[in-house]
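In what follows, a single structure is set out as structure tokens and then discussed.
Residue numbers start from 1 in every chain, and the chains themselves are labelled A, B, ... in the order their sequence lines are given, proteins ahead of strands.
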There are 4 protein chains.
Amino acid sequence: MRSKNRPSGRTFADEARRKQIVECAVEVIAEEGFAQASLARIAQRADVAKSVVHYHFANKDELVEQVLMAVSMASAALLPERMAAAGGARDKLRVAIETIAEFVDGNRTYALAGLETWNQTRSLPGRLRLVEDPASAGVEDIRRLLAEGQARGELGEFDPHVVAVMFRQAVDAITLEAAIDPNADLKAFATQLVAMFDRVISP
Amino acid sequence: MRSKNRPSGRTFADEARRKQIVECAVEVIAEEGFAQASLARIAQRADVAKSVVHYHFANKDELVEQVLMAVSMASAALLPERMAAAGGARDKLRVAIETIAEFVDGNRTYALAGLETWNQTRSLPGRLRLVEDPASAGVEDIRRLLAEGQARGELGEFDPHVVAVMFRQAVDAITLEAAIDPNADLKAFATQLVAMFDRVISP
Amino acid sequence: MRSKNRPSGRTFADEARRKQIVECAVEVIAEEGFAQASLARIAQRADVAKSVVHYHFANKDELVEQVLMAVSMASAALLPERMAAAGGARDKLRVAIETIAEFVDGNRTYALAGLETWNQTRSLPGRLRLVEDPASAGVEDIRRLLAEGQARGELGEFDPHVVAVMFRQAVDAITLEAAIDPNADLKAFATQLVAMFDRVISP
Amino acid sequence: MRSKNRPSGRTFADEARRKQIVECAVEVIAEEGFAQASLARIAQRADVAKSVVHYHFANKDELVEQVLMAVSMASAALLPERMAAAGGARDKLRVAIETIAEFVDGNRTYALAGLETWNQTRSLPGRLRLVEDPASAGVEDIRRLLAEGQARGELGEFDPHVVAVMFRQAVDAITLEAAIDPNADLKAFATQLVAMFDRVISP
DNA sequence: TATGAATGAGGGTTCATTCAT
DNA sequence: GATGAATGAACCCTCATTCAT
């Protein structure tokens, strides 16, 4: 199994196949749900044999991990850059919400797959996590951003942990909104979220 | 199958067994995850044969439905009464959050099982819902409460739908907090949530 | 188990229950097929508990045996008397066909249940027969009737065994005809059968 | 599942395994009865895992369908050709009976499996048929043959439907004769059947 | 008498995984 | 690189049967 023996020495073709399979997994998960996303179903969608999936991924867990990775990559593509460009903590939070909403809007499949997968593989006591929370930009990062904003006097009084957690929940809410109603106006939804968080963290 | 022949005329003993099995299902779901909660695993926990579960429940869906019911019952026991007793919309929201946090705190297993089950059975396009969202007290109810508060001039300017959605997310957040950290101080968490929502909806 | 301990000392009520259950079994078998006729389904139809069936019958085989018996009894009620009243072998055969057709016509449920049950319990090498062929009045009896008719010079030349076998098949054909087409004119069908057999066995 | 992806593009080896499994199913059905022919039992006889059967057949119905097909193929191999070669209707009927008897004689397992399967899957009101009656060469075909013979003046007076039905019953009778007595002289049995039908349909 | 409750064996089916080619 | 074939474990479910009450 290449993926185990020389993790960094993969062929281009290799890499392409992997990406294709992950892509198909994302689609199946988003459209039919995580529970329905069997290897057979994914392979069928990729129009390859079931064993091809096992040739490229050591086991299903690795594929799921890559799905999470792929979604994480895709969603976080613009985020750091844009947040860095933003002025203060308030602006950064606004930009984060808007960017994520924009991403979800343009990549509903990825977003929904990420949420589905994340929910189904959430760390339960005893169950090991595969990767870090992909879609939420990291609760801890946000918490720190908020705490620093408070320290700088830019933000008002509130519990940074709770607000950071609710930020992650807001991200999920955007995706859920998209899943429930394919015609939902996510931009407007995001605007209202920004307004809400702004009211919470303003001095 | 009693559950088919006389759905409303169940024996005490019958009902007791059903409750016991539902209880075991709740525990397995909470501790090992919905996907791991096979009938075999649940029966094993109840220390009965697999077929006993089928004797008391027509099929797995009925059992899952009862799990959702049980959680819903348990969580909603005090909520309506307390909310009715509360003064205005702000107070009602505060009471709701505090009551739910109190419930989750005292019934972490139930709360987590509810969230797990709810996530796994969430309506995907094409998938039918069994029962209404149990843990969240109904987004629509909250939205109406908020909208009426605004109409009365009691509350400020904000999008009632978005805030209602975030209220549901807050409820989930409480449960997740409890799941992630068994020692989490949910009362404090709830207090901060109340503060946050209060800032959002105040005039 | 009464039915085992004192086979001839059954209560009236006992006997009535048995008959009722057998009757329900007949109906279920005829309407839904032998394979679908589980004890649960039969008990449900009789509006009694599944265990009641086991109280009155040692096991399922005994119930099936009784079904075969009941059908046999019902179908053979008039046959011997009418055949005895008939003149020669040709007349006896005619009367037999007509009587059976009449019975099937008036008791399609019984007839179909008999055929279904008989087919499913037919003696395979290794499998023991429960009772003798109920619906067909006995191939051997017919063979003897035919052979004696030949010996007496009343009938022509033909193989009594083959014709007897085909007589049994004719009986089944009547039932099948009724099963396939609920509006089939069995009387006419029987008339044609009589004509056919008459041509075969006439001198 | 090959059988789903490319139904007409099966490998040789694939086809061989399918044939082997069908063959084993035929044997189990013939020797132990249709009701006893579970996938486990069939797989056991084929000396493969139960899941192998599911790899080659989508479900049990497809396997049963193939059993019916196989029996049908085998039994009808020579029939059309030989009947076409026969002169008139009387000759065709004679050839049909003799050919079928010959087939049953040389393929008792197939014949019995066909009869068992056919009986168990016979259309009850509400039950769908998988394929057409395999073993009986089609009642309707025979009826037409007879009616045309009558129209041509080649045959005498009789009900073509009833005689066609009895022809099918004769075919079953041959198989049953073989099942009841492994040493039965089917050739002689067929000869007598031919004589019988000849007497019926001759002018 | 009657039955509610329980059970183990077995049913068909799906699945992730392995392996020879 | 790729895959067809096979597998065993586990899944949900049905069944005839038993037994205490």
Do Lys50(A)'s NZ or CZ and the ring of Phe57(A) fall within the cation-pi criteria of under 6.0 Å and 45°? no

Comparing Arg41(B) with Ala35(C), nearest DNA chain F nucleotide closer to 5' gives the residue Arg41(B)

What is the distance, rounded to the nearest whole Å, between atom CZ of Arg18(A) and atom P of dG1(F)? 14 Å

Would you name the heavy atoms of Leu112(A) and Ala179(A) that are closest together and state the gap between them? CD1-CB, 3.7 Å

Heavy-atom nearest nucleotide on DNA chain F taken for Ala37(B) and for Val53(D); more 5' hit belongs to Val53(D)

If you check the His56(C) side chain, which of dA2(E), dT13(E), dT17(F) turns out closest? dA2(E)

Quick check for you: among dA6(F), dA2(F), dT18(F), whose closest atom lies nearest to any side-chain atom of His54(C)? dT18(F)

Atom CD of Gln36(B) and atom P of dC11(F): how far apart are they, to the nearest Å? 9 Å

Among dA5(F), dT3(F), dT17(E), the one nearest any side-chain atom of Tyr55(D) is dA5(F)

Candidates dT7(F), dA2(F), dT7(E) - which lies nearest the side chain of Val52(A): dA2(F)

Checking dT17(E), dA5(E), dA6(F) against the side chain of Leu39(A) (C-beta onward), the nearest is dT17(E)

Please report the shortest heavy-atom distance between Val67(C) and Thr117(C), naming the atom on each side. CG1-OG1, 4.1 Å

Considering non-hydrogen atoms only, spot the tightest contact between Ala43(C) and Val53(C) and give its length. CB-CG2, 4.0 Å

Select one nucleotide: of dG4(F), dT18(F), dC15(E), the one nearest the side-chain heavy atoms of Ser38(A). dC15(E)

Determine, stepwise, if the pair Arg45(D) / Glu31(D) fulfils salt bridge (Lys or Arg N to Asp or Glu O under 4.0 Å). CA-CA 12 Å; Arg45(D) 179 150 201 138; Glu31(D) 292 174 17; 3.2 Å; yes

Closest nucleotide of DNA chain E for Lys60(D) versus for Asp47(B): which of these residues is on the 5' side? Asp47(B)

Out of dA5(E), dA10(F), dC11(F), whichever nucleotide has its closest atom nearest the side chain of Ala40(B): dC11(F)

Can you list the residues that meet the side chain to side chain contact (heavy atoms under 4.5 Å, CB included) rule with Glu23(B), with sequence neighbours excluded? Glu27(B), Tyr110(B)

Measuring from atom NZ of Lys19(D) to atom SG of Cys24(D), what distance do you get when rounded to the nearest 0.5 angstrom? 14.5 Å

Where do N or O atoms of nucleotides 19-21 of chain F meet protein N or O atoms at under 3.5 Å, pair by pair?
none

In dot-bracket, 5' to 3', how would DNA chain E read with Watson-Crick or G-U wobble pairs under 3.5 Å, [ ] for crossing ones and | for pairs to another strand? .||||||||||||||||||||

Give the C-alpha distance, both sets of side-chain angles, the deciding distance and a yes or no for side chain to side chain donor-acceptor pair (under 3.5 Å) between His54(B) and Asn59(B). CA-CA 6 Å; His54(B) 274 100; Asn59(B) 48 41; over 6 Å; no

Interatomic distance, Glu62(D) CD vs dG12(E) P [rounded to whole Å]: 15 Å

Using a strict 4.0 Å threshold on nitrogen-to-oxygen distance, state whether Glu62(D) and Arg18(D) make a salt bridge. yes

What distance do Gln44(B) atom CD and Leu39(B) atom CG have between them, rounded to the nearest 0.5 Å? 12.5 Å

Gap between atoms CG and P, on Asp14(C) and dA2(E) respectively (whole Å): 7 Å

Among the nucleotides dC12(F), dG8(F), dG12(E), which one has an atom lying closest to any side-chain atom of Ala49(D)? dG8(F)

Between dG11(E) atom P and Phe34(D) atom CZ, what is the distance in whole Å? 13 Å

Return no unless some side-chain N or O of Arg17(D) is found under 4.0 Å from OP1 or OP2 of dG4(F). no

